[in-house]
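Reading through the structure tokens given below for one structure.
Each chain gets a letter, A, B and so on, in the order its sequence line appears, and its residues count up from 1.
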Amino acid sequence: MAIRLYNTLTRRIEDFHPLENGKVRLYTCGPTVYNVAHIGNFRAFVFYDMLRRYLKYRGYEVFHVMNLTDVDDKTIRDSAAEGVPLQDYTARYKKAFFEDRDALRIEPVEVYPAATEHIPDMVRTIERLAERGHTYVAEGSTYFKIDTFPSYGKFANLDLSGTRAGARITSDEYEKEDARDFVLWKAWTPEDGPVFWDTPLGRGRPGWHIECSAMSQKYLGETFDIHGGGVDLIFPHHQNEIAQAEGATGKPFVRYWLHSEFLLVDGQKMSKCLGNFYTLRDILERGYKPMEVRYVLLATHYRQQLNFTFDALTAARGALERLRDFARNVHLAGGNEAGEILDETNERREKEFVASLDDDLNIAPALGAVFNYVRDIGRLIADGKLAQQDEVKVLGKLRDWNKVLGLIDLEDETMTDIEVLQMIELRTQARANWDWDRADQIRLELERKGIVLEDRRGGTVWKRK
RNA sequence: GGCGCCGUAGCCAAGUGGUUAAGGCGGAGGUCUGCAAAACCUCUAUUCAGCGGUUCGAUCCCGCUCGGCGCCUCCA
């Protein structure tokens, strides 16, 4: 059974089959590194991550490219405002992006091409477009001539025939022949300061969209499997990518286009004006954990708008705690061997998990399968029907799913902190003497250090809060 | 104005033309326990924004209304 994905190109859910058997070539639009990425950006990045992880889970070899836009109006403007060289300025936010990526357990992809390191590739793409008659030059800038690409607008389901020359020309694009045309190569202006490249196209810098066409094709070929991005990129960015790539090669560019919906805050799109703008760092400062953020970003289907709230983070904390406690309870199980019933349960829930995610990455029922499994096994443990030897199978299953979800640290459950164990031993003695005050005092003391105790039949166990 | 999405329990969120409308968080009760925690058990939507229509039968299909959100050359 094939994975089914919603393809923006056809506006339908389709069976996914890569161009080359067993291999997926994937490109996703990355951040513009002009400041710290916000959680709306990370919703898209977490979505790409789950897509990539799930493709791998289903046996595909994935080659994934994500661009870093390190030259554009904003990076130039803001670096100039600070008086810092562009490279130094963007390096700072590339670093921040990778830090946040790691905190959110987003897997590194195969290649992170930066725009500034691929100027010759972009120039070559523009030259190919010129050879095929898709461009014109005006006042040193090179433009894409929309008239030469008849299907322009179709990808976004937009009828652009009303937007003709002269209709909406603003002051800084007066040299365009048609308001719908977009710039491929932008001639140097004094505002660009030291940011320019001398190329056959003249002194200047690349336009907004060309990097994705040039870099994706460089690493993935002229036609590749999946291209992802946020819905806001459908138009104009992805439409322009298609025009550029297909205009240059005459071949289909991308086979499956996937778009993640917006993250909203207070029911509205995140924006600085509304003051509902959050970075991961903002949220961590409020005492939430990266995994809680990942859970929230992951738990809503990617084509559904997600209204971000702090209540959701709190709910995520509870759900994650249930998963972690479950892993520990399995580790501490001391019943009889489960036998066949365990294999049956594993198989049944695995089927549900895969069937759900095969269906356009339908995450909710997949998580439902995980939590139902937690209850299935919890019941076995409570009934004394799970043995310590069964741990391998159960945690193995959890580990499998975690390859896709990336929500729990299963290796983190080390129970060997000597100091804590000594405290527990003191408390156990106190309890043996019915000295409840002393016992509670020790428990409280540990709690202040973030250690929670639980008294089980087999003895006291602990966990970090 | 054009295009599109959404409205399911206190909150989040699946789902199906007809057996019990997943799951998570929260809440209530119970078992266990010195107490607590975890775990397990039970309960927490006679109902799926509203009104019509199609149908033997609709939360699911169609239409309208109301409400929310996004895109239509900054944007994940």
Could you work out the separation of [N] and [M] based on their [atom1] atoms and round it to a whole Å?
N	M	atom1	result
B/G15	B/A76	C1'	28 Å
B/C3	B/U59	C1'	27 Å
B/A14	B/G23	C1'	7 Å
B/U46	B/A39	P	28 Å
B/U73	B/C48	C1'	40 Å
B/U8	B/A49	P	7 Å
B/C35	B/C41	P	22 Å
B/U44	B/G24	P	15 Å

Is there a donor and acceptor pair, one atom on the side chain of [X] and one on the base of [N], closer than 3.5 Å?
X	N	value
A/Arg443	B/C35	yes
A/Arg349	B/G23	no
A/Asn372	B/G24	no
A/Arg456	B/A39	no
A/Asp455	B/C35	yes
A/Arg11	B/G4	no

**OP:** Give the C-alpha distance, both sets of side-chain angles, the deciding distance and a yes or no for side-chain contact (heavy atoms from CB on, under 4.5 Å) between A/Glu110 and A/Arg52.
**Re:** CA-CA 11 Å; A/Glu110 280 63 34; A/Arg52 140 190 192 95; 2.9 Å; yes

Would you kindly give the [atom1]-to-[atom2] distance between [X] and [N], to the nearest whole Å?
X	N	atom1	atom2	value
A/Tyr295	B/C12	OH	P	15 Å
A/Arg379	B/A38	CZ	C1'	17 Å
A/Leu313	B/C12	CG	P	14 Å
A/Phe353	B/G23	CZ	P	17 Å
A/Lys385	B/C41	NZ	C1'	14 Å
A/Asn329	B/A37	CG	P	15 Å
A/Arg375	B/A38	CZ	C1'	17 Å
A/Glu447	B/C35	CD	C1'	13 Å

Under 4.0 angstrom between [X] side-chain N/O and [N] OP1 or OP2:
X	N	value
A/Arg431	B/C35	no
A/Arg322	B/C40	yes
A/Asn157	B/C3	no
A/Gln305	B/C69	no
A/Asn362	B/G15	yes

Original post:
Any cation-pi pair here, A/Lys74 with A/Tyr34, using under 6.0 Å and within 45°?
Top reply: yes

Under 4.0 angstrom, heavy atoms only, what part of the nucleic acid is [X] near: base, sugar-phosphate, or nothing?
X	value
A/Arg317	nothing
A/Val183	nothing
A/Gly267	sugar-phosphate
A/Gln239	nothing
A/Arg427	base
A/Ile381	nothing
A/Thr314	nothing
A/Ala382	sugar-phosphate
A/Ala319	sugar-phosphate
A/His301	sugar-phosphate
A/Phe371	sugar-phosphate
A/Leu453	base
A/Ile234	nothing

Original post:
By centroid distance (under 5.5 Å) and plane angle (under 30°), are A/Trp434 and B/G34 in a stacked arrangement?
Top reply: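 Stack criterion not met.
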
Original post:
For the residue pair A/Asn276 and A/Lys269, what are the closest heavy atoms and their distance?
Top reply: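 For A/Asn276 and A/Lys269, the tightest heavy-atom pair comes out as ND2-O, 3.5 Å.
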
Original post:
Of all heavy-atom pairs between A/Lys393 and A/Asn346, which one has the smallest distance, and what is that distance?
Top reply: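 Residues A/Lys393 and A/Asn346, closest heavy atoms: O-ND2, 3.7 Å.
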
**OP:** In sequence, state the C-alpha distance, the side-chain angles, and the governing distance for A/Glu261 and A/Arg303, and then conclude on salt bridge (charged side-chain N to carboxylate O under 4.0 Å, His left out).
**Re:** CA-CA 5 Å; A/Glu261 255 298 346; A/Arg303 284 193 291 115; over 6 Å; no

Subject >> Heavy-atom neighbours of A/Glu99 CD exceed 12 at 6.0 Å >> reply: yes

Original post:
Does NZ in A/Lys385 sit with more than 12 non-hydrogen atoms of other residues, nucleotides or ligands closer than 6.0 Å?
Top reply: no

Original post:
Quick one: which of A/Tyr302, A/Phe98, A/Phe97 gives a ring pair (Phe, Tyr, Trp, His ring centres under 6.0 Å) with A/Phe45?
Top reply: A/Phe97

**OP:** Dot-bracket for RNA chain B, please, read 5' to 3', with Watson-Crick or G-U wobble pairs under 3.5 Å on both distances, ( ) within the strand, [ ] crossing, | other strand, . unpaired.
**Re:** (((((((..(((.....[....)))((((((.......))))))....(((((..]....))))))))))))....

**OP:** Go through A/Thr345 and A/Asp376 one step at a time and tell me if the side chain to side chain donor-acceptor pair (under 3.5 Å) criterion holds.
**Re:** CA-CA 7 Å; A/Thr345 305; A/Asp376 295 337; 5.1 Å; no

Original post:
Mapping A/Glu321 and A/Trp436 to their closest nucleotides on RNA chain B, which lands nearer the 5' end?
Top reply: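 The 5'-side residue here is A/Trp436.
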
**OP:** Nearest-nucleotide wise, let me know which of A/Leu264 and A/Ala439 is further upstream toward the 5' end of RNA chain B.
**Re:**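 Taking each residue's closest nucleotide, the earlier one in sequence belongs to A/Ala439.
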
Original post:
Is A/Phe47 close to A/Thr28 at the side-chain level, that is, under 4.5 Å between some pair of heavy atoms?
Top reply: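 Of all side-chain heavy-atom pairs linking A/Phe47 with A/Thr28, none is under 4.5 Å.
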
